[in-house]
Amino acid sequence: MATLTILRYPDPRLHKIARPVAVVDARIRQLVDDMLETMREADGVGLAATQVDVHEQVIVIDTSQQRDQPLVLINPELVWRSDERVIHEEGCLSVPAIFEKVQRHAEVTVAALDREGQRFERRVEGLTAVCVQHEMDHLLGKVFVEYLSPLKRERIRIKMNKRTREELQERQQA
Ligand code: GNR
Ligand code: NI
(Lines give C-alpha, C1' and ligand atoms only; values in the text may rest on other atoms or scores of the structure.)
(Ligands and ions follow the chains in the order given, each with its own letter.)
Protein backbone atom coordinates (compact mmCIF):
# COMPACT_ATOMS: atom_id res chain seq x y z
CA MET A 1 0.00 0.00 0.00
CA ALA A 2 1.04 3.57 -0.50
CA THR A 3 -0.24 6.96 0.49
CA LEU A 4 -1.02 9.30 -2.37
CA THR A 5 -0.61 13.07 -2.68
CA ILE A 6 -3.87 15.01 -2.28
CA LEU A 7 -4.34 17.91 -4.72
CA ARG A 8 -5.06 21.21 -3.07
CA TYR A 9 -7.56 23.85 -4.14
CA PRO A 10 -7.21 25.89 -6.36
CA ASP A 11 -5.53 23.24 -8.52
CA PRO A 12 -7.14 23.08 -11.99
CA ARG A 13 -6.90 19.27 -11.95
CA LEU A 14 -9.64 19.25 -9.27
CA HIS A 15 -12.04 20.37 -12.02
CA LYS A 16 -11.43 17.43 -14.35
CA ILE A 17 -14.39 15.11 -14.96
CA ALA A 18 -13.77 11.48 -13.98
CA ARG A 19 -14.54 8.74 -16.50
CA PRO A 20 -16.31 5.51 -15.53
CA VAL A 21 -14.18 2.52 -14.57
CA ALA A 22 -14.38 -0.04 -17.39
CA VAL A 23 -13.24 -3.11 -15.42
CA VAL A 24 -12.76 -3.48 -11.66
CA ASP A 25 -9.38 -5.20 -11.85
CA ALA A 26 -6.22 -5.45 -9.71
CA ARG A 27 -5.22 -1.89 -10.69
CA ILE A 28 -8.51 -0.48 -9.39
CA ARG A 29 -8.34 -2.56 -6.20
CA GLN A 30 -4.82 -1.21 -5.60
CA LEU A 31 -6.13 2.33 -6.14
CA VAL A 32 -8.98 1.67 -3.64
CA ASP A 33 -6.52 0.36 -1.03
CA ASP A 34 -4.14 3.30 -1.52
CA MET A 35 -7.06 5.75 -1.30
CA LEU A 36 -8.27 4.13 1.95
CA GLU A 37 -4.78 4.44 3.43
CA THR A 38 -4.50 8.05 2.24
CA MET A 39 -7.93 8.94 3.67
CA ARG A 40 -7.14 7.34 7.05
CA GLU A 41 -3.73 8.97 7.31
CA ALA A 42 -5.27 12.36 6.52
CA ASP A 43 -8.07 11.75 9.08
CA GLY A 44 -10.76 12.20 6.45
CA VAL A 45 -14.16 10.52 6.22
CA GLY A 46 -14.07 10.34 2.42
CA LEU A 47 -11.83 10.65 -0.61
CA ALA A 48 -12.53 10.82 -4.35
CA ALA A 49 -9.98 9.62 -6.94
CA THR A 50 -10.00 13.12 -8.47
CA GLN A 51 -8.29 14.38 -5.28
CA VAL A 52 -5.31 12.07 -5.91
CA ASP A 53 -5.18 13.07 -9.59
CA VAL A 54 -6.79 9.88 -10.91
CA HIS A 55 -9.74 10.83 -13.08
CA GLU A 56 -11.80 7.66 -12.80
CA GLN A 57 -15.05 7.21 -10.86
CA VAL A 58 -13.76 5.78 -7.58
CA ILE A 59 -14.75 6.93 -4.06
CA VAL A 60 -13.91 5.67 -0.58
CA ILE A 61 -15.87 6.71 2.52
CA ASP A 62 -15.69 5.72 6.17
CA THR A 63 -17.88 7.57 8.63
CA SER A 64 -17.85 4.81 11.28
CA GLN A 65 -16.63 5.63 14.80
CA GLN A 66 -13.98 2.90 14.74
CA ARG A 67 -13.07 3.78 11.14
CA ASP A 68 -13.34 0.14 10.20
CA GLN A 69 -16.38 0.14 7.87
CA PRO A 70 -15.14 1.36 4.50
CA LEU A 71 -17.69 2.07 1.80
CA VAL A 72 -16.22 1.73 -1.70
CA LEU A 73 -18.21 3.30 -4.55
CA ILE A 74 -17.13 2.67 -8.14
CA ASN A 75 -19.18 4.30 -10.96
CA PRO A 76 -21.71 5.63 -8.42
CA GLU A 77 -25.14 6.95 -9.40
CA LEU A 78 -27.80 8.49 -7.20
CA VAL A 79 -30.99 6.54 -7.84
CA TRP A 80 -33.06 8.41 -5.22
CA ARG A 81 -32.74 11.73 -3.37
CA SER A 82 -34.95 12.87 -0.49
CA ASP A 83 -36.86 16.12 -0.86
CA GLU A 84 -35.72 16.91 2.65
CA ARG A 85 -32.49 18.90 2.77
CA VAL A 86 -29.92 19.40 5.52
CA ILE A 87 -27.33 22.06 6.06
CA HIS A 88 -24.03 20.62 7.22
CA GLU A 89 -20.68 22.22 7.97
CA GLU A 90 -18.35 20.70 5.36
CA GLY A 91 -14.62 20.42 5.11
CA CYS A 92 -12.42 18.96 2.38
CA LEU A 93 -8.96 17.41 2.40
CA SER A 94 -8.26 19.48 -0.74
CA VAL A 95 -9.22 22.70 1.09
CA PRO A 96 -7.60 22.17 4.51
CA ALA A 97 -8.82 24.07 7.59
CA ILE A 98 -11.81 25.64 5.82
CA PHE A 99 -15.28 24.73 7.08
CA GLU A 100 -18.46 26.14 5.57
CA LYS A 101 -22.17 25.29 5.56
CA VAL A 102 -23.54 23.53 2.48
CA GLN A 103 -27.08 22.34 1.77
CA ARG A 104 -27.54 18.74 0.59
CA HIS A 105 -30.25 16.08 0.30
CA ALA A 106 -30.80 14.57 3.76
CA GLU A 107 -30.96 11.00 2.41
CA VAL A 108 -29.90 9.41 -0.86
CA THR A 109 -29.79 5.95 -2.39
CA VAL A 110 -26.57 5.30 -4.25
CA ALA A 111 -26.03 2.49 -6.75
CA ALA A 112 -22.42 1.53 -7.44
CA LEU A 113 -19.93 -1.27 -7.96
CA ASP A 114 -17.99 -2.53 -4.92
CA ARG A 115 -14.29 -3.51 -4.69
CA GLU A 116 -15.14 -6.85 -6.31
CA GLY A 117 -17.04 -5.23 -9.18
CA GLN A 118 -20.43 -6.32 -7.80
CA ARG A 119 -23.31 -3.87 -8.20
CA PHE A 120 -25.13 -2.87 -5.01
CA GLU A 121 -27.50 -0.19 -3.74
CA ARG A 122 -27.30 1.53 -0.40
CA ARG A 123 -29.56 4.07 1.26
CA VAL A 124 -27.61 6.50 3.45
CA GLU A 125 -28.40 9.44 5.72
CA GLY A 126 -26.60 11.84 8.03
CA LEU A 127 -22.89 12.45 7.52
CA THR A 128 -22.63 9.48 5.14
CA ALA A 129 -25.26 11.01 2.82
CA VAL A 130 -23.48 14.38 2.93
CA CYS A 131 -20.20 12.64 2.18
CA VAL A 132 -21.57 10.63 -0.76
CA GLN A 133 -22.82 13.86 -2.37
CA HIS A 134 -19.55 15.72 -1.58
CA GLU A 135 -17.46 12.91 -3.14
CA MET A 136 -19.71 12.54 -6.20
CA ASP A 137 -19.26 16.28 -6.79
CA HIS A 138 -15.47 15.74 -6.83
CA LEU A 139 -15.90 13.18 -9.65
CA LEU A 140 -17.74 15.89 -11.61
CA GLY A 141 -14.88 18.32 -10.99
CA LYS A 142 -16.77 20.27 -8.36
CA VAL A 143 -15.31 21.36 -4.99
CA PHE A 144 -17.68 22.35 -2.14
CA VAL A 145 -16.42 25.95 -2.10
CA GLU A 146 -18.21 26.40 -5.45
CA TYR A 147 -21.50 26.46 -3.50
CA LEU A 148 -20.32 29.52 -1.57
CA SER A 149 -20.62 33.16 -2.57
CA PRO A 150 -17.96 34.46 -4.98
CA LEU A 151 -16.62 36.68 -2.19
CA LYS A 152 -16.15 33.79 0.25
CA ARG A 153 -14.63 31.68 -2.50
CA GLU A 154 -12.16 34.43 -3.39
CA ARG A 155 -11.12 34.75 0.28
CA ILE A 156 -10.53 31.00 0.44
CA ARG A 157 -8.49 31.09 -2.76
CA ILE A 158 -6.27 33.85 -1.35
CA LYS A 159 -5.88 31.98 1.97
CA MET A 160 -4.92 28.75 0.19
CA ASN A 161 -2.37 30.48 -2.05
CA LYS A 162 -0.89 32.27 0.95
CA ARG A 163 -0.55 29.03 2.88
CA THR A 164 1.10 27.27 -0.06
CA ARG A 165 3.60 30.14 -0.36
CA GLU A 166 4.41 29.97 3.36
CA GLU A 167 4.90 26.21 3.22
CA LEU A 168 7.27 26.57 0.26
CA GLN A 169 9.30 29.16 2.16
CA GLU A 170 9.45 26.95 5.26
CA ARG A 171 10.68 24.07 3.14
CA GLN A 172 13.38 26.23 1.53
CA GLN A 173 14.61 27.41 4.94
CA ALA A 174 14.83 23.87 6.28
O1 GNR B 1 -12.96 14.47 5.73
C2 GNR B 1 -13.92 15.06 5.25
N3 GNR B 1 -14.87 15.53 6.07
C4 GNR B 1 -16.10 16.03 5.64
C5 GNR B 1 -16.87 16.70 6.56
C6 GNR B 1 -18.10 17.20 6.19
C7 GNR B 1 -18.54 17.04 4.93
C8 GNR B 1 -17.77 16.39 3.98
C9 GNR B 1 -16.55 15.88 4.34
S10 GNR B 1 -15.59 15.04 3.17
C11 GNR B 1 -13.99 15.31 3.79
C12 GNR B 1 -12.97 14.50 3.03
C13 GNR B 1 -12.92 14.99 1.60
O14 GNR B 1 -12.40 16.01 1.26
N15 GNR B 1 -13.53 14.28 0.71
O16 GNR B 1 -13.58 14.70 -0.55
NI1 NI C 1 -13.49 16.80 -0.53
Side-chain angles (χ1 to χ4, degrees), residues 1-21 28 31-78 81-82 84-110 112 115 122-149 152-153 155-157 159-161 163-164 167:
M1 290 224 269
T3 54
L4 308 167
T5 303
I6 299 175
L7 298 179
R8 194 185 290 189
Y9 184 85
D11 188 310
R13 290 170 291 181
L14 285 170
H15 304 302
K16 289 174 77 167
I17 294 172
R19 63 184 174 276
V21 169
I28 295 296
L31 172 64
V32 165
D33 293 344
D34 290 347
M35 284 173 62
L36 281 167
E37 192 183 350
T38 305
M39 173 184 76
R40 291 192 176 118
E41 188 174 89
D43 255 322
V45 293
L47 189 69
T50 307
Q51 293 176 277
V52 294
D53 201 23
V54 175
H55 303 282
E56 296 182 68
Q57 295 176 15
V58 177
I59 288 169
V60 295
I61 290 174
D62 195 343
T63 54
S64 68
Q65 284 292 331
Q66 306 294 332
R67 308 184 54 69
D68 58 357
Q69 288 169 55
L71 176 62
V72 175
L73 303 173
I74 299 169
N75 300 349
E77 286 173 58
L78 292 185
R81 306 159 173 82
S82 65
E84 192 197 336
R85 312 293 168 109
V86 283
I87 293 174
H88 200 283
E89 186 113 317
E90 296 195 15
C92 181
L93 294 174
S94 295
V95 199
I98 302 286
F99 299 92
E100 296 285 349
K101 288 183 175 132
V102 177
Q103 182 176 294
R104 304 278 189 185
H105 298 282
E107 280 184 72
V108 295
T109 300
V110 62
R115 197 178 170 284
R122 174 110 173 243
R123 182 159 168 171
V124 289
E125 57 175 16
L127 177 60
T128 310
V130 169
C131 208
V132 165
Q133 293 166 82
H134 174 116
E135 305 311 338
M136 286 182 71
D137 273 352
H138 275 304
L139 298 183
L140 294 170
K142 186 158 184 171
V143 180
F144 84 104
V145 299
E146 289 167 67
Y147 290 107
L148 308 176
S149 70
K152 267 195 179 167
R153 198 159 60 237
R155 284 189 183 141
I156 290 168
R157 184 186 293 273
K159 225 185 252 185
M160 288 294 126
N161 285 334
R163 197 174 306 151
T164 303
E167 281 174 7

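The structure presented is a predicted model; accordingly, all values stated were derived computationally and were not measured. In each ligand, atom 1 is the first atom listed, and ligand 1 is the first ligand listed.
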Can you sort out the partners of R81 under salt bridge (charged side-chain N to carboxylate O under 4.0 Å, His left out), two or more places apart, ordered by chain and number?
-> none
The Ni ion (ligand 2) neighbourhood, protein N/O/S only, threshold under 2.8 Å =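 Per the 2.8 Å query on the Ni ion (ligand 2), atoms found are C92 SG, H134 NE2, H138 NE2.
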Run the salt-bridge test on [X] and [Y] with the 4.0 Å N-O cut-off and return the result as yes or no.
| X | Y | value |
| --- | --- | --- |
| E146 | R153 | no |
| D62 | R67 | no |
| R115 | D33 | yes |
| E90 | K101 | no |

Salt bridge (Lys or Arg N to Asp or Glu O under 4.0 Å) evaluation trace for R8 with E167 | CA-CA 13 Å; R8 194 185 290 189; E167 281 174 7; 3.4 Å; yes
Start with the C-alpha gap between V86 and Q103, add the side-chain angles, then the distance that decides, and say whether side-chain contact (heavy atoms from CB on, under 4.5 Å) holds.
-> CA-CA 6 Å; V86 283; Q103 182 176 294; over 6 Å; no
Tell me, which residues have any heavy atom less than 4.0 Å from some atom of ligand 1?
->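 Only G44, V45, G46, Q51, E89, E90, G91, C92, L93, V130, H134, E135, H138 have heavy atoms that fall under 4.0 Å of ligand 1, ordered by chain and number.
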Can you give each donor-acceptor pair under 3.5 Å made by side-chain atoms of residues 136-144, sequence neighbours left out, with the distance rounded to 0.1 Å?
from	atom 1	to	atom 2	distance (Å)
D137	OD2	R104	NH1	2.8
D137	OD2	Y147	OH	2.7
H138	NE2	H134	NE2	3.3

CA sep, side-chain torsions, deciding dist, call: V130, V102, side-chain contact (heavy atoms from CB on, under 4.5 Å) = CA-CA 9 Å; V130 169; V102 177; over 6 Å; no
